[in-house]
Amino acid sequence: MPGRHFLFVPGPTNVPDRIQRAMMVAMADHRSSRFPELSKPIFAALKELFQCREGEAFIFCATGTGAWEAALTNTLSPGDRVLAPRIGQFSHLWIDMMERLGLNVQVLDCEWGTGAPEARIEEALRADKERLIKGVMIVHNETTTGVTSDLRAVRLAMDAANHPALLYVDAVSSLASIDLRFSEWRVDVCVAGSQKGLMMPAGLGLLCVSPAALAASRNAGLKRVFFDFGDMLRTNPGGYFPYTPSIPLLHGLREALSMLKEEGLAAVFHRHARLAAGVREAVEAWGLELCAKAPRWYSNTVSTVMVPPGKDGARVVDIAFRKYDLALGAGLSRLAGKAFRIGHLGDLNELMLAGALAGTEMALADSGIEITEGSGVGAAQTYWRTGITAAERRGERLVANA
Ligand code: PLP
């Protein structure tokens, strides 16, 4: 199709021209004395992105799934107990990995559309009198349901229980888009990938690890080879890797980190919040519902939109793709056919998103879902112009009428 493809899945996201150009490099010797000039500043900037004051950042040639595995195998031993809320498909897959690695997972099953249940976490930790639970495993942003958990509240719950478990966070679809304060919230192991908020292709699994988790890694009994932190710790401080790194991806990462720094992290988070709020205005104007059950769970990187009973979300996604060259995210797992997802993260602005909302409206109408064409785009426009939501306007009117 002529014109630009509209990529609005919640990862991979659009790769800005600047990053694409930065990745077009000749291969170089990754053992040369010049290589650390590229690599060392990347580690420092990555720690800043995680808002990490103390700890280490690691870069693996992997995806988020590899980073999950690195997080677990470096810090835990076979049979260790961990506490993991299951709030959607990605938390489910992470739990599945924990079980396959031989960990003893205490699962907290939650209604999809809600986030990590702080009170239940506190209760479970208080009940663990022998302090057997070694880790609390939280998916910060559940990409299936469009739900963001409150990490600060989880940390407070852990503190309230006075429990020494480490806090593990999957930030695959939140890093560089939603505020995540590694040091302030005392996260111990945080994992991410390159293909979402960092605006790059998939291929880098990123981690930030606290001193406590690094200490745990010295006695952790799970087997790891490629993902061993120890090998990284022996080479990274000099600016090297224990194996051949992906040089184009490192150049891309350097550029991505520069772009995020130029915009400023606070501005990046604010932009994502503003764009997401516009999408939610559109969903409301269409008369549809989000999977996220309450505003406290709304994600600023992905909105999972439920289709009315009897309608097919997969059809909306397919029509959008085939007819309008718009890639929306499909409903996953138990949401298959029941929902579709709009990714709104990465290199994005209002007009790009307005185009995606227009395409979504056309695909919804083509799928026989009754919406008023233009209603969603109009609602988002009004919000982006004024910063006032429809609900706030209704409130104002009530006050005015009173
Ligand atoms: N965790 C979350 C929250 C995700 O959204 C994803 C992928 O979308 C993953 C983990 C897995 O990451 P990857 O596909 O990079 O292996």
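Please read these numbers as outputs of a predicted model, since none were measured by experiment. Start at 1 and go down the list; that is how both ligands and their atoms are numbered.
Looking only at atom types and distance, the side chain of Ser303 has no donor-acceptor partner in the side chain of Tyr298 under 3.5 Å away. For the residue pair Ser333 and Gln89, a side-chain donor N or O sits within less than 3.5 Å of a side-chain acceptor on the partner. A donor atom on one side chain and an acceptor atom on the other are found under 3.5 Å apart for Trp68 and Asp170.
Within the 4.0 Å heavy-atom criterion, neither part of Trp94 lies near ligand 1.
At a threshold of 4.0 Å, the pair Asp159-Arg186 counts as salt-bridged, since one of the basic side-chain nitrogens sits closer than that to a carboxylate oxygen.
Remark: minimum distance from atom 14 (O) of ligand 1 to any protein heavy atom is reached at Gln195 NE2, 3.9 Å. Counting only heavy atoms of the protein, atom 8 (O) of ligand 1 lies nearest to Lys196 NZ, 2.6 Å. At the top of the distance list for atom 11 (C) of ligand 1, counting protein heavy atoms only, stands Thr65 OG1, 3.6 Å.
Taking the ring centroids of Phe60 and Phe227, they lie under the 6.0 Å cut-off. Aromatic pair Phe43/Phe50: ring centres not closer than 6.0 Å.
Close approach of ligand 1 to Thr63 is summarised as follows: ligand atoms under 4.0 Å from at least one heavy atom of the residue are 13 (P), 15 (O), 16 (O). Listed by atom number, the atoms of ligand 1 under 4.0 Å from Trp68 heavy atoms are 1 (N), 10 (C).
In this structure, Glu142 has no heavy atom closer than 4.0 Å to ligand 1. A heavy-atom separation below 4.0 Å is not found between Gly193 and ligand 1.
The shortest N or O to N or O distance between Asn141 and ligand 1 is not under 3.5 Å. For Val172, no nitrogen or oxygen atom sits less than 3.5 Å from a nitrogen or oxygen atom of ligand 1, counting backbone and side chain alike.
The heavy atom nearest to atom 5 (O) of ligand 1, considering only Asp170, Thr301, Thr143, is found in Thr143.
In this structure, the side chains of Phe241 and Leu250 come closer than 4.5 Å at one or more pairs of heavy atoms. Leu49 has its side chain within reach of Leu265: a pair of non-hydrogen atoms, C-beta onward, lies under 4.5 Å apart.
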